[in-house]
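Contents: one structure, followed by commentary.
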Amino acid sequence: RDVTYKNILDTILCGSVYLGFDTYECPDCGFETTIPHTCKSRFCSKCAAKSAKQRSISISAMTFSCKHRHIVFTVAQELRDYFIRDRSLLDLLFIASRNTISALANDAKFRKNKRLEKHRKLRKSSSPYLYKDTKDNVVFGAISTLHTFGRPLEFNPHIHMLVCQDALNLRKDCIKSLAYMDFNKLRKTWMYQILDLLDRKINTRQFHALKNYLYKNYPDGFYVYAKEPKKDQSEDDVDDTVAYITRYTNRPVMAESRIVEYNDTTKMIHWFYNRHEDDKRIDVTERVERFIQKVIRHCPDENFKMTRYYGFYSNRSTRHYNRMAELLAHKQKKETQYKKERQAIAKIQIQKTHFRYFMIQSFQRDPIKCRCGMIMNYAETYNPFEGGRKNDIHTKKDASTHQNISEVKPLTPEEVDEMLLHDDTYESDKVLMKCDRCGCEMELDGYILSEIAEADGDDELSCICMKCGKGTMHQVKK
């Protein structure tokens with residue numbers, strides 16, 4: 001596929017001047033430095049980690065502080081070949097999972113419509129979305145992500161869905177609990193929805209025969225994991241689930257640490273995974289071509305949305321979202337946070353994923369701080385792909401008007417300086433830090449440590465030890 005070649009090429013060139021760079025110049029000594037552009041590819045482990053973090057921040061800021069259920073929808077092995085041959089069918093997994101929750105939330109309406117359809121008193125809707133055009137629905141809130149692989153790297157498409165256990169009853173204008181779910185009905189409804197959508201899309205005699213075979217051999221429906229949340233589920237538990245389901249939406253299917261050895265002579269690769277059932281380590285040795293084939297087939301098509309929002313969590317449901325926020329705030333006796341306020345909070349948090357902030361937080365090094373101690377100013381941008389012209393130098397104004405649409409707008413260097421220099425915990429002098437593991441002492445910039453403390457929500461200045469890399473450095477009290 002063309003998208004596979006593009007993503008691999010972008011990953012190889014990531015962080016090189018071939019993708020362009022920004023130039024910064026010191027106003028004092030005139031020293032210049034260049035910061036290469038990154039590839040922003042879904043196949044790049046470095047860029048994808050940042051993208052996944054931004055997605056996780058956005059979702060966590062928008063979810064309500066109430067119980068959420070983590071549901072995993074899987075499909076039968078007999079259907080997987082259809083999805084790998086025609087990747088547009090992956091859209092149907094999102095729609096079917098959405099329809100399943102909608103059917104359970106509107107159970108009485110679903111049973112009534114099924115009965116009328118059976119006696120041909122109600123015409124079947126042409127829209128694939130259940131109850132999209134009907135009134136007085138029970139509106140749920142859900143966030144879905146698609147994973148196309150398992151630990152052995154096989155092609156196994158499945159949906160991870162985070163469902164709010166409080167729904168909005170439009171007819172009664174109140175909260176309806178979705179805490180109880182009939183698992184038998186959940187599995188059978190999911191099976192019916194996905195097979196019905198696939199049948200409409202494929203519509204061949206061969207698939208009709210397979211559909212009958214699946215109904216006969218899966219009498220309990222397709223497997224759905226829907227463990228009940230903890231009784232004392234906190235916001236941290238929801239954030240952990242969000243981080244998990246968004247982890248592999250924008251990054252490669254496996255970490256590089258799982259590759260044990262590559263033999264360039266025999267072209268064989270040795271890698272491992274921990275089996276899901278018993279966590280037993282399984283070692284795999286195979287031809288490198290076979291391994292690459294396993295990895296690249298999970299690369300999503302260009303512009304394919306791996307994360308989708310439904311119900312009052314969708315972008316178009318501002319009215320329902322705000323009403324749900326009011327009802328939950330009244331129930332929990334808290335102050336109401338409307339959608340715009342939560343979006344503003346998410347925007348601030350996402351801005352803190354700017355590369356300069358990450359460098360300061362991870363390595364205690366400011367990338368645009370000159371060796372003379374001054375903060376360098378932005379000079380110019382080189383971008384070989386802007387406007388179809390190569391080797392073109394753009395001014396700062398031109399660069400801002402030709403932003404790459406896939407790039408999240410970060411803080412400008414001036415805004416970062418303002419944030420650092422006017423922080424309440426800002427320290428202009430060097431701070432003496434001591435490691436609690438190896439005992440080494442060193443002086444670090446106070447304003448950098450203050451920024452790390454603000455990000456972690458700590459009152460005390462601390463950071464990872466730069467010598468041993470395992471201990472934590474704390475400020476030495478004078």
Side-chain angles (χ1 to χ4, degrees), residues 1-4 71-104 106 110-111 113-133 142 144-150 152-161 183-226 253 293-294 296-306 308 310:
R1 293 181 296 155
D2 292 340
V3 66
T4 303
I71 304 178
V72 183
F73 296 93
T74 66
V75 295
Q77 189 172 358
E78 292 85 348
L79 294 174
R80 295 175 187 174
D81 286 343
Y82 286 95
F83 292 104
I84 198 169
R85 286 201 299 263
D86 183 2
R87 291 177 182 264
S88 66
L89 297 177
L90 292 172
D91 279 323
L92 302 182
L93 293 174
F94 284 104
I95 300 173
S97 58
R98 176 259 179 209
N99 289 351
T100 301
I101 302 301
S102 184
L104 293 179
N106 298 272
F110 180 74
R111 285 187 281 110
N113 289 355
K114 286 291 290 180
R115 187 169 60 253
L116 293 174
E117 287 176 5
K118 184 176 181 181
H119 295 89
R120 298 184 180 180
K121 294 182 179 180
L122 179 68
R123 187 177 180 180
K124 202 170 187 179
S125 174
S126 59
S127 173
Y129 293 95
L130 198 63
Y131 309 133
K132 182 180 180 181
D133 303 319
S144 298
T145 62
L146 172 67
H147 292 187
T148 60
F149 52 88
L153 301 185
E154 81 281 18
F155 192 83
N156 178 20
H158 54 281
I159 294 289
H160 287 263
M161 180 180 278
F183 287 98
N184 185 47
K185 186 180 294 184
L186 178 66
R187 295 176 64 166
K188 289 184 177 179
T189 305
W190 159 245
M191 180 179 181
Y192 167 77
Q193 290 292 338
I194 186 62
L195 289 180
D196 182 60
L197 290 171
L198 287 171
D199 195 16
R200 290 195 208 181
K201 182 80 172 180
I202 300 172
N203 194 24
T204 61
R205 187 174 298 178
Q206 181 184 5
F207 187 79
H208 293 328
L210 176 60
K211 181 180 176 181
N212 294 331
Y213 168 83
L214 292 173
Y215 273 122
K216 182 179 179 180
N217 287 271
Y218 291 86
D220 297 327
F222 294 155
Y223 177 72
V224 177
Y225 170 88
V253 298
Q293 183 184 20
K294 285 182 178 180
I296 64 175
R297 67 180 175 180
H298 299 291
C299 185
D301 287 341
E302 195 169 4
N303 299 323
F304 183 83
K305 305 299 181 184
M306 299 288 286
R308 306 189 187 186
Y310 297 107

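Note that the structure is a prediction, hence the values are computed from the model and not measured. What you see below is based on every heavy atom in this structure, not just the backbone, and it leaves out hydrogens, waters and symmetry mates.
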With [X] via side chain to side chain donor-acceptor pair (under 3.5 Å) - residues at least two apart:
X	value
K305	none
R308	D91
E154	none

Once you measure the plane-to-plane angle for Y218 and F222, does it fall in the parallel (<30°), tilted (30-60°) or perpendicular (>60°) bin?
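Ring orientation of Y218 relative to F222: perpendicular.
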
Between H160 and H147, what is the ring plane arrangement, given parallel below 30°, perpendicular above 60°, and tilted in between?
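The arrangement is tilted - the two ring planes meet at 30° to 60°.
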
Please check if atom CZ in R205 has more than 12 non-hydrogen atoms from other residues, nucleotides or ligands closer than 6.0 Å.
no

Please say whether more than 12 non-hydrogen atoms of neighbouring residues, nucleotides or ligands are located less than 6.0 Å from NZ in K211.
yes

Between [X] and [Y] (side chain of the first, backbone of the second, donor and acceptor by atom type, cut-off under 3.5 Å), is there such a pair?
X	Y	answer
N217	Y213	yes
H298	L153	yes
T189	K185	yes
T74	Y223	yes

Measure across [X] and [Y] and return the closest heavy-atom pair with its distance rounded to 0.1 Å.
X	Y	answer
V3	C299	O-SG, 4.4 Å
L130	R98	O-NH1, 2.6 Å
P219	K188	O-CE, 3.2 Å
S97	M161	OG-CE, 3.6 Å
P157	R80	CD-CG, 4.1 Å

Student check: side-chain heavy atoms of [X] and [Y] closer than 4.5 Å:
X	Y	answer
L210	L79	yes
R297	F149	no
F183	V224	no
I101	W190	no
D199	H208	yes
R187	N184	no
F73	L93	no

side-chain contact (heavy atoms from CB on, under 4.5 Å) against D86, all qualifying residues, sequence neighbours excluded
S88, L89

For D2, enumerate each residue passing the side-chain contact (heavy atoms from CB on, under 4.5 Å) test, keeping only those at least two apart in sequence or located in another chain.
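Once residues adjacent in sequence are excluded, D2 has no partner under the side-chain contact (heavy atoms from CB on, under 4.5 Å) criterion.
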
Quick check for you: to the nearest 0.5 Å, what is the distance between [X] atom [atom1] and [Y] atom [atom2]?
X	Y	atom1	atom2	value
I95	Y129	CD1	OH	4.0 Å
T148	R87	OG1	CZ	7.0 Å
D301	M306	CG	CE	10.0 Å
L214	L198	CG	CG	10.0 Å

Worked check of side chain to side chain contact (heavy atoms under 4.5 Å, CB included) between V72 and I159:
CA-CA 6 Å; V72 183; I159 294 289; over 6 Å; no

What do the steps show when you test N99 against Y192 for side chain to side chain contact (heavy atoms under 4.5 Å, CB included), and what is the final call?
CA-CA 10 Å; N99 289 351; Y192 167 77; over 6 Å; no

Output all residues satisfying ring-ring contact (aromatic ring centres under 6.0 Å, His included) with F207, sequence neighbours left out; order by chain, then residue number.
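Partners of F207 under the ring-ring contact (aromatic ring centres under 6.0 Å, His included) test: Y82.
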
